[in-house]
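Below is one structure; the comments refer to it alone.
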Amino acid sequence: MKIYTKGGDKGRTGIFGGERVDKDDIRIEANGCLDELNSTIGVVRSLLPENHEWHSFLFTIQVELMVAMSEVATPSALRDKNPNKIKEDMDLYCEKEIDRITAAISESEYFILPGGTQVSAHCQLARTVARRAERRLWTLHKQDPLPETVLRFVNRLSDLFFTMARYDMYVNGSAEERWKLFLYKR
């Protein structure tokens, strides 16, 4: 089978169930953001040493993002026909790692300027892509309800990658560049 199908040459693409939609349809836009997030996580993993503690964890995140993309590509009326279902506790899986990392570095009270180490900078990029994906998912959710598990998972990912960015700076002895105190912590 060839990688190119020419099916999208006229600005349409297929979704689960065989329907064809415009390439700028909100469902495709939301999935594109999740795909970009998954690729960004792949970059983070490529920057980590082979034996780094995050490899297995991030692999699981990437696999579940693929499952989430399958669910997002499926209209709610056909969701029971899609065998792919995100694990119910992926939000808790992320929270557990956030809590573990935060215990080592303390909770942040500041907005942090993205940058520092390459891993930290790419974790910050993953955070922003996760936020964009979340916005697109909520737009789609208003039109065609998505599984709550997908929405919770993507919401936790931005917090996770913010925390991971901070942790990488901490373990590498790099100082965070702080901007301002969080307003709610003043």
Side-chain angles (χ1 to χ4, degrees), residues 29-69 71-72 86-141 146-186:
E29 177 64 24
N31 253 351
C33 293
L34 293 174
D35 190 25
E36 186 179 350
L37 174 58
N38 209 341
S39 295
T40 305
I41 296 168
V43 172
V44 171
R45 287 183 65 206
S46 76
L47 295 171
L48 298 173
E50 281 186 37
N51 61 346
H52 196 283
E53 63 182 324
W54 288 347
H55 274 294
S56 176
F57 177 79
L58 291 175
F59 174 82
T60 299
I61 296 290
Q62 286 187 286
V63 168
E64 290 303 311
L65 272 174
M66 296 299 287
V67 174
M69 289 172 64
E71 289 196 78
V72 170
I86 195 169
K87 292 177 185 169
E88 285 287 325
D89 64 347
M90 284 309 295
D91 56 333
L92 301 177
Y93 183 72
C94 294
E95 288 173 15
K96 185 177 176 182
E97 184 66 4
I98 292 167
D99 293 344
R100 185 188 75 78
I101 292 171
T102 301
I105 61 173
S106 78
E107 194 172 320
S108 178
E109 296 181 354
Y110 291 87
F111 288 99
I112 307 296
L113 295 179
T117 66
Q118 282 195 24
V119 169
S120 177
H122 282 86
C123 283
Q124 290 283 10
L125 180 59
R127 173 188 61 79
T128 63
V129 176
R131 283 286 186 227
R132 179 165 24 94
E134 185 180 18
R135 291 189 302 270
R136 300 294 39 159
L137 288 170
W138 277 101
T139 301
L140 173 58
H141 183 69
L146 292 166
E148 296 291 326
T149 52
V150 171
L151 297 169
R152 287 193 316 263
F153 174 45
V154 176
N155 178 265
R156 294 312 181 282
L157 288 176
S158 58
D159 296 330
L160 172 69
F161 284 104
F162 176 75
T163 306
M164 292 173 82
R166 291 191 64 234
Y167 185 74
D168 190 69
M169 295 285 287
Y170 170 79
V171 297
N172 284 290
S174 300
E176 294 176 332
E177 294 181 311
R178 297 175 176 175
W179 180 56
K180 287 184 179 182
L181 273 171
F182 293 139
L183 289 178
Y184 67 91
K185 296 205 177 196
R186 287 186 180 173

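Small disclaimer: the values here were computed from a predicted structure and weren't measured. Scope of the values below: all heavy atoms of this structure, side chains included, with no hydrogens, waters or symmetry mates.
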| query | Can you name the residues that form a salt bridge (Lys or Arg N to Asp or Glu O under 4.0 Å) with Asp159, not counting sequence neighbours? | reply | Arg131
| query | Considering residues at least two apart in sequence or located in another chain, which fulfil the side-chain contact (heavy atoms from CB on, under 4.5 Å) criterion with Ser39? | reply | Asp35
| task | Carefully, step by step, assess Leu151 and Asn155 under the rule side-chain contact (heavy atoms from CB on, under 4.5 Å). | result | CA-CA 6 Å; Leu151 297 169; Asn155 178 265; over 6 Å; no
| said: Just so I know, are the side chains of Leu34 and Asn38 near enough to count as touching, which here means a heavy-atom distance under 4.5 Å? | reply: no
| request: Sorted by first residue and then second, give each salt bridge (Lys or Arg N to Asp or Glu O under 4.0 Å) pair with at least one member in residues 146-157; sequence neighbours left out. | output: Asp91-Arg152, Asp91-Arg156, Glu95-Arg156
| said: Taking the side chain as everything from C-beta on, heavy atoms only, tell me whether Phe162 gets closer than 4.5 Å to Gln124. | reply: yes
| task | Answer whether the closest heavy-atom distance between the side chains of Phe161 and Val129 falls below 4.5 Å. | result | no
| Taking only residues two or more places apart in sequence, or in another chain, which ones meet Glu36 in a salt bridge (Lys or Arg N to Asp or Glu O under 4.0 Å)? | Arg132
| remark: Here the gap from Lys96 atom NZ to Asp89 atom CG, rounded to the nearest 0.5 Å, amounts to 10.0 Å
| message | If you apply the rule side-chain contact (heavy atoms from CB on, under 4.5 Å), what do you find for Glu71 with Leu146, and how did you get there? | response | CA-CA 8 Å; Glu71 289 196 78; Leu146 292 166; over 6 Å; no
| Do Ile112 and Arg178 come within less than 4.5 Å of each other through their side chains, counting heavy atoms only? | yes
| remark: Sequence neighbours excluded, the answer for salt bridge (Lys or Arg N to Asp or Glu O under 4.0 Å) partners of Arg127 is none
| request: Mind jotting down which residue pairs meet the salt bridge (Lys or Arg N to Asp or Glu O under 4.0 Å) criterion with at least one end in residues 39-58? Sequence neighbours excluded, please. | output: Glu53-Arg100
| Partners passing ring-ring contact (aromatic ring centres under 6.0 Å, His included) against Tyr170 (at least two apart in sequence or in another chain) | none
| message | Using a 3.5 Å distance criterion without hydrogens, assess whether the side chain of Thr117 forms a donor-acceptor pair with backbone atoms of Met169. | response | no
| query | Of the options Thr60, Val154, Val67, Thr149, which is the one that meets Met90 in a side-chain contact (heavy atoms from CB on, under 4.5 Å)? | reply | Thr60
| said: Tell me which pairs pass salt bridge (Lys or Arg N to Asp or Glu O under 4.0 Å) where either residue lies in residues 161-174, with sequence neighbours left out. | reply: Arg166-Glu176
| request: Quick one: list whatever passes ring-ring contact (aromatic ring centres under 6.0 Å, His included) with Phe59, sequence neighbours left out. | output: none
| task | For the residue pair Trp54 and Glu97, establish whether any side-chain heavy-atom pair is separated by less than 4.5 Å. | result | yes
| For Glu29, all residues meeting side-chain contact (heavy atoms from CB on, under 4.5 Å), sequence neighbours excluded | Ile26, Cys33, Arg136
| request: Of all the heavy-atom pairs spanning Ser158 and Ala130, show the shortest one and how long it is. | output: N-CB, 3.9 Å
| With a 4.5 Å heavy-atom cut-off, do Leu157 and Cys94 have their side chains touching? | yes
| task | Start with the C-alpha distance between Leu58 and Leu48, add both sets of side-chain angles, then the distance that settles side-chain contact (heavy atoms from CB on, under 4.5 Å), and finish with yes or no. | result | CA-CA 11 Å; Leu58 291 175; Leu48 298 173; 4.1 Å; yes
| said: Would you call the rings of Tyr93 and Phe57 parallel, tilted or perpendicular, taking 30° and 60° as the class edges? | reply: parallel
| Hey, does the side chain of Thr102 reach the backbone of Asp99 with a donor-acceptor pair shorter than 3.5 angstrom? | no
| request: For residues 31-51, pull every pair meeting ring pair (Phe, Tyr, Trp, His ring centres under 6.0 Å), keeping only residues two or more places apart or in separate chains. | output: none
| request: Inspect the surroundings of CD in Gln62 and state if more than 12 heavy atoms from other residues, nucleotides or ligands are less than 6.0 Å away. | output: yes
| query | Which residue pairs pass the salt bridge (Lys or Arg N to Asp or Glu O under 4.0 Å) test with at least one member in residues 113-125, sequence neighbours excluded? | reply | none
